[in-house]
Q: 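Got a structure for you, questions after.
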2 protein chains.
Amino acid sequence: MVIINRITVQLFITVKTASAADVFRTLADPTRRSLFERLCREGEQTVWMLTRYAGISQPAVSKHLAVLKSAGLVRDRHAGRETHYRAEAQSLSPLVDWLSLYGAFWRERLDRLEDLLQRMD
Amino acid sequence: MVIINRITVQLFITVKTASAADVFRTLADPTRRSLFERLCREGEQTVWMLTRYAGISQPAVSKHLAVLKSAGLVRDRHAGRETHYRAEAQSLSPLVDWLSLYGAFWRERLDRLEDLLQRMD
DNA sequence: ATTAATGATAACCATGTGGCTATCTGTTAG
DNA sequence: CTAACAGATAGCCACATGGTTATCATTAAT
């Protein structure tokens, strides 16, 4: 029992991966996507830098960052009185998985079409 | 002048491709994404079939389909009194482009890291 | 010709959410 | 020790939007 519980906790920690739904919802907002893009481009940034860039109030930026964080898209690091945020490398994998899944249906359909066209020769 | 106008119109028609922003916004809604996924999986469907599947009212489905259409994700075909919708094959390319763009930053960063690690040897 | 069915539109409502200001906590500077 | 600063939280508000029902237009069926 104890071991099982320990394993469960372990899974909870490691499988923090967000779903494609979370990623879609989170990146749908232009401001939030812009913040994420900047973090991807420029690397680690403080909240203050991001606030200057985004052109909205600091609390708004903090809220967006919290949403991004809860979707696993960014990670924060506290240093003194400032917080540094950076994009999480593997966070877009749910999106890649989703795309490859539904891209696969088209591929399949294109293959069928190609097959059909070849039979018509 | 006339020729220029003609060219402009031509561009307007062909460059109907949606932006990544449109695609994100459109696919953020779970119901809409579910409809799109079904169209990808099952191929062409009538509004009535989609309504039965989605479990919401027919007008709601029509509205979602209109949004999907305006984002270029689906295409409609009228046959008698029913309308058939199907997923548009190339419609997710803005998403792929966006992903490859911001995936590229990570790749670049990983390359830099790898480079750095090699220099440390 | 009348009725039924399919889907789009209109009008409306409830809810979610992105923005703001004000405030609180914790950290650095003077 | 006090002031300034970085950031998060709370509370509020305006607006967007996803859902509903009612209705309209068009096409098929009886």
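Sequence lines set the chain letters: A, B, ... in the order given, protein chains first and strands last, and positions in each chain run from 1.
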Q: Listing request: all ring pair (Phe, Tyr, Trp, His ring centres under 6.0 Å) pairs with a residue in residues 38-91 of chain B, at least two apart in sequence or in separate chains.
A: none
Q: Measure the CG-OG distance between Leu99(A) and Ser93(A) for me, rounded to the nearest 0.5 Å.
A: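 With rounding to 0.5 Å, CG (Leu99(A)) is 12.0 Å from OG (Ser93(A)).
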Q: Got a sec? Which of residues 75-85 of chain B come in under 4.0 Å of DNA chain C, heavy atoms?
A: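 Arg81(B), Glu82(B), Thr83(B), Tyr85(B), in order of number.
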Q: Does the side chain of Thr31(B) get closer than 4.0 angstrom to OP1 or OP2 of dG19(D) through an N or O atom?
A: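 True: Thr31(B) side-chain N/O within range (under 4.0 Å) of dG19(D) OP1/OP2.
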Q: Using the C1' atoms of five pairs at each end, what's the angle between the two axes of the helix from dA1(C)-dT30(D) to dG30(C)-dC1(D), to 10 degrees?
A: 10°
Q: Quick one: is dG7(D) close enough that its OP1 or OP2 comes under 4.0 Å of any side-chain N or O from Thr51(A)?
A: no
Q: Take the protein atom CD of Gln45(B) and the nucleotide atom C1' of dT6(C), then report the distance between them rounded to whole Å.
A: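 Roughly 15 Å, once rounded to whole Å.
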Q: Measure from CE on Met49(A) to P on dC5(D) and round the result to the nearest Å.
A: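 Checked: the CE to P distance equals 18 Å.
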Q: State whether the number of non-hydrogen atoms from other residues, nucleotides or ligands found under 6.0 Å of Arg77(A) atom CZ is greater than 12.
A: yes
Q: Atom CD1 of Ile56(B) to atom C1' of dA8(C): distance rounded to whole Å?
A: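 It works out to 15 Å between those atoms.
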Q: For Ser62(A), what residues pass the side chain to side chain donor-acceptor pair (under 3.5 Å) criterion, not counting sequence neighbours?
A: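 So Ser62(A) forms a side chain to side chain donor-acceptor pair (under 3.5 Å) with Gln58(A).
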Q: How close or far is atom C1' of dT6(C) from atom CZ of Arg52(B), stated in whole angstroms?
A: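 Distance, rounded to whole Å: 15 Å.
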Q: Within this structure, what is the SG-CZ distance for the pair Cys40(B) and Arg86(B), rounded to the nearest 0.5 Å?
A: 12.0 Å
Q: Provide, to the nearest angstrom, the distance between the CG atom belonging to Leu68(B) and the C1' atom belonging to dG7(C).
A: 16 Å
Q: To the nearest 0.5 Å, what is the distance between CD (Glu88(A)) and CG (Leu39(A))?
A: 11.5 Å
Q: If the condition is side chain to side chain donor-acceptor pair (under 3.5 Å), which residues does Arg38(B) pass it with, not counting sequence neighbours?
A: Gln45(B)
Q: Are Leu68(A) and Met49(A) co-members of a hydrophobic cluster defined by side-chain heavy atoms under 4.5 Å apart?
A: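 No; Leu68(A) is not reachable from Met49(A) via cluster members.
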Q: Quick one: pull up CG in Leu95(A) and CG in Leu73(A) and give me the separation to the nearest 0.5 Å.
A: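 Answer rounded to 0.5 Å: 9.0 Å.
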Q: Between protein and nucleotides 9-13 of chain C, what N or O pairs are separated by less than 3.5 Å?
A:
none

Q: Same cluster or not: Val67(B) versus Phe24(B), using hydrophobic residues (I, L, V, M, F, W, Y) connected whenever any side-chain heavy atoms lie under 4.5 Å apart?
A: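 Hydrophobic grouping puts Val67(B) apart from Phe24(B).
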Q: With a 4.5 Å cut-off on side-chain heavy-atom distances among I, L, V, M, F, W and Y, is there a chain of contacts connecting Val96(A) to Trp98(B)?
A: yes
